[in-house]
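What follows is a set of notes on a single structure, which appears directly below.
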Amino acid sequence: MLTSISRPRLSPPIVALVLFTAAGILESIHGFIGYQLSGRPEFGYTLHGQTLSFTSIAARALPSWIVLGVLAGLALRMADRLPLFSGGWRRALLFHLPLATLFSATFLMSAASFRHFLFVGPEAGVSFATTLLRYYTVYFNTYFLFYWGIVGLYSGFLHYRELRERDLRAERLERKLAEARLRALQQQLEPHFLFNTLNAVSGLAQEGNVAGTVSTLALLGELLRATLRRSEQVVTVAQELDLLELYLAIQRIRLEERLQIRMCIDPDVMDAEIPTFLLQPLVENAIRHGVARDSRNGWVEITAQPRGQRLHVTVTDSGLGMGDEEVRLGLGLSNCIARLEQLYGREYAFDLRNAGSGGARVEVAWPWRKLAPA
């Protein structure tokens with residue numbers, strides 16, 4: 001099932017703040033462990049030689065990380081407003097260049113303030129201006145590039161998500177179009193079958209076969225009810241055979257002893273997938289162009305069996321076969337081919353030829369898979 005890609009439940013700025021706060025906690029733990037093992041302050045966390053607790057170390061480490069998390073969240077907000085990969089590179093450069101400068105300057109101002117006023121030992125006797133100048137000289141480029149890294153990575157993520165959503169929309173549209181084509185083909189097949197069956201009823205009525213006409217109309221009503229209840233594009237082989245049996249009952253009334261039906265269905269494929277209304281046009285074609293045209297008694301054989309990764313269905317008749325120039329791809333068979341192509345792309349096969357028995361043989365194959373319960 002297709003699903004759309006949605007935005008994260010937590011906003012990116014909140015995520016950034018949580019991540020950088022966690023990084024500050026990890027640095028505090030690292031500094032405290034180092035201090036306990038060596039007896040010396042790590043990262044300048046000293047206060048006139050006094051013993052440092054984890055709380056005092058964390059109180060000096062966390063503020064800078066929290067400020068960095070807040071600024072990173074604001075950078076993500078700016079990247080959301082104008083990603084680097086949309087709107088043109090000149091516009092993005094003019095938008096983000098001053099923001100990158102402000103990002104680095106703001107963080108270094110806060111970091112220098114925390115260092116000067118909280119980390120007394122290392123900077124004892126040093127003015128705040130000197131501390132600030134040292135930070136700007138050493139770290140300005142680092143955090144300037146850090147801003148571009150945040151914006152670049154997030155812009156890349158937004159660009160990927162946009163492409164993915166575009167692909168999903170295109171796939172969803174393509175699927176809807178395919179389903180619409182299948183519905184149109186199915187709606188085209190149903191009246192075609194109905195008209196052919198009504199012609200059979202008309203023939204019985206003209207022959208004066210009242211009982212056959214009444215029985216055929218009753219079976220036709222039952223068949224139409226089963227047809228109207230079926231909206232799926234694929235059903236199991238067992239379900240398709242049930243529907244086919246109603247159609248064959250009508251044909252048996254019409255042709256009587258002239259028609260024999262042979263079923264050779266592998267039990268393993270009864271729950272396999274088959275396009276709905278596939279068998280009826282194949283069998284109708286065999287009866288109409290094979291058995292009905294031959295004055296002799298005839299038969300139609302229906303087989304279904306798996307071969308490798310495909311399900312093969314064959315319908316063979318004992319009629320007169322096809323002439324060299326005879327084309328038997330009428331509406332029913334053309335419809336079958338179109339629906340197979342819509343459902344399986346290039347993974348189906350359709351072959352119509354004269355059979356060795358003198359009649360015609362049509363073989364259809366598609367990927368063999370069991371149909372999941374509805």
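A quick note: this is a predicted structure, and the numbers were derived from the prediction, not measured.
- Here the closest non-hydrogen pair linking Ile302 and Ile265 is O-CD1, 3.9 Å.
- The cluster map of Ile, Leu, Val, Met, Phe, Trp and Tyr, joined by side-chain heavy atoms under 4.5 Å apart, puts Leu145 and Met78 in the same cluster.
- His96 places no side-chain N or O within donor-acceptor distance of the main-chain N or O of Ala75, the cut-off being under 3.5 Å.
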Could you go step by step and tell me if Thr314 and Arg361 meet the side chain to side chain contact (heavy atoms under 4.5 Å, CB included) rule?
-> CA-CA 7 Å; Thr314 305; Arg361 175 178 178 273; 3.5 Å; yes
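- By the 4.5 Å heavy-atom criterion applied to side chains, Glu301 and Cys264 are counted as neighbours.
- The shortest heavy-atom contact between Ser155 and Leu84 is OG-N, 3.0 Å.
- Of the N and O atoms on the side chains of Trp65 and Glu27, at least one donor lies less than 3.5 Å from an acceptor on the other residue.
- Val364 is not listed as a side-chain neighbour of His312, based on a closest heavy-atom distance of 4.5 Å or more.
- Distance check: Cys336 SG to Leu340 CG gives 6.5 Å after rounding to the nearest 0.5 Å.
- Summarising the geometry of Glu240 relative to Ile274, their closest heavy-atom pair is CB-CG2, 3.8 Å, with the distance given to 0.1 Å.
- Of all non-hydrogen atoms in Ala79 and Leu158, the two that sit nearest each other are O-CD1, 3.9 Å.
- Counting all heavy atoms, side chain and backbone alike, Ala61 lies closest to Ser28 at CB-OG, 3.4 Å.
- Atom CZ of Phe144 is surrounded by more than 12 heavy atoms from other residues, nucleotides or ligands within 6.0 Å.
- With no hydrogens or angles considered, a side-chain donor-acceptor pair links Thr130 and Ser127 at under 3.5 Å.
- Atom-to-atom distance recorded for Asp271:CG and Gln239:CD is 10.5 Å, nearest 0.5 angstrom.
- No path of Ile, Leu, Val, Met, Phe, Trp and Tyr side chains, each step under 4.5 Å between heavy atoms, connects Leu99 with Leu94, placing them in separate hydrophobic clusters.
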Does the pair Thr316 and Trp299 meet the rule for a side chain to side chain contact (heavy atoms under 4.5 Å, CB included), with working shown?
-> CA-CA 8 Å; Thr316 309; Trp299 50 263; 4.2 Å; yes
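- Remark: the backbone N or O of Ile66 is not paired with any side-chain donor or acceptor of Thr21 at under 3.5 angstrom.
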Applying side-chain hydrogen bond (donor to acceptor under 3.5 Å, both in side chains), run through Tyr348 and Gln342 and close with a yes or a no.
-> CA-CA 10 Å; Tyr348 82 95; Gln342 286 293 320; over 6 Å; no
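- Rounded to the nearest 0.5 Å, atoms CZ (Arg252) and CD1 (Ile261) are 5.5 Å apart.
- Here the straight-line distance linking atom NZ of Lys370 with atom CG of Leu311 works out to 12.5 Å at 0.5 Å rounding.
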Checking side chain to side chain contact (heavy atoms under 4.5 Å, CB included) for the pair Thr142/Phe107: CA distance, chi angles, key distance, verdict?
-> CA-CA 11 Å; Thr142 299; Phe107 175 71; over 6 Å; no
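- Tyr160 and Glu165 form no side-chain donor-acceptor contact under 3.5 Å, judged by distance and modelled atom types alone.
- In this structure, the side chain of Thr236 does not engage the main chain of Ala272 through any donor-acceptor pair within 3.5 Å.
- No donor-acceptor pair closer than 3.5 Å links the side chain of Asp317 to the backbone N or O of Gly359.
- The aromatic rings of Tyr344 and Trp366 lie parallel to each other, with less than 30° between the two planes, well short of the 60° mark.
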Begin from the C-alpha positions of Leu278 and Val313 and carry the test side chain to side chain contact (heavy atoms under 4.5 Å, CB included) through to its verdict.
-> CA-CA 10 Å; Leu278 180 73; Val313 171; 5.6 Å; no
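- The pair Glu162-Arg164 fails the salt-bridge criterion, with no side-chain N (NZ, NE, NH1 or NH2) lying under 4.0 Å from an Asp/Glu carboxylate O.
- The cluster map of Ile, Leu, Val, Met, Phe, Trp and Tyr, joined by side-chain heavy atoms under 4.5 Å apart, puts Leu102 and Tyr154 in different clusters.
- A donor-acceptor contact shorter than 3.5 Å is absent between the side chain of Arg353 and the backbone of Glu363.
- Annotation: side chain of Val362 is in contact with side chain of Phe350 (closest heavy-atom distance under 4.5 Å).
- Scanning all heavy atoms of the two residues, the minimum distance from Ala105 to Tyr136 falls at O-OH, 2.8 Å.
- Expressed to the nearest 0.5 Å, how far CG of Leu93 lies from CG of Leu82 amounts to 10.5 Å.
- Considering CG of Leu76 and OG of Ser11, their distance stands at 9.0 Å, rounded to 0.5 Å.
- The shortest side-chain heavy-atom distance between Val234 and Thr276 does not fall under the 4.5 Å cut-off.
- Taking hydrophobic clusters as Ile, Leu, Val, Met, Phe, Trp and Tyr residues chained together by side-chain heavy-atom distances below 4.5 Å, Met263 shares a cluster with Leu282.
- Contact annotation: the side chain of Val237 never approaches that of Leu279 to less than 4.5 Å [non-hydrogen atoms, C-beta and beyond].
- In this structure, Arg307 places its CZ atom where more than 12 heavy-atom neighbours from other residues, nucleotides or ligands lie under 6.0 Å away.
- Classified by interplanar angle (parallel below 30°, tilted 30° to 60°, perpendicular above 60°), the ring pair Phe20/Phe146 is perpendicular.
- The shortest side-chain heavy-atom distance between Pro13 and Leu74 does not fall under the 4.5 Å cut-off.
- Residues Leu153 and Phe103 are members of separate hydrophobic clusters, defined by side-chain heavy-atom contacts under 4.5 angstrom among Ile, Leu, Val, Met, Phe, Trp and Tyr.
- Both tests do not hold together for Arg310 against Trp368: distance to the six-membered ring centre under 6.0 Å, angle to the ring axis within 45°.
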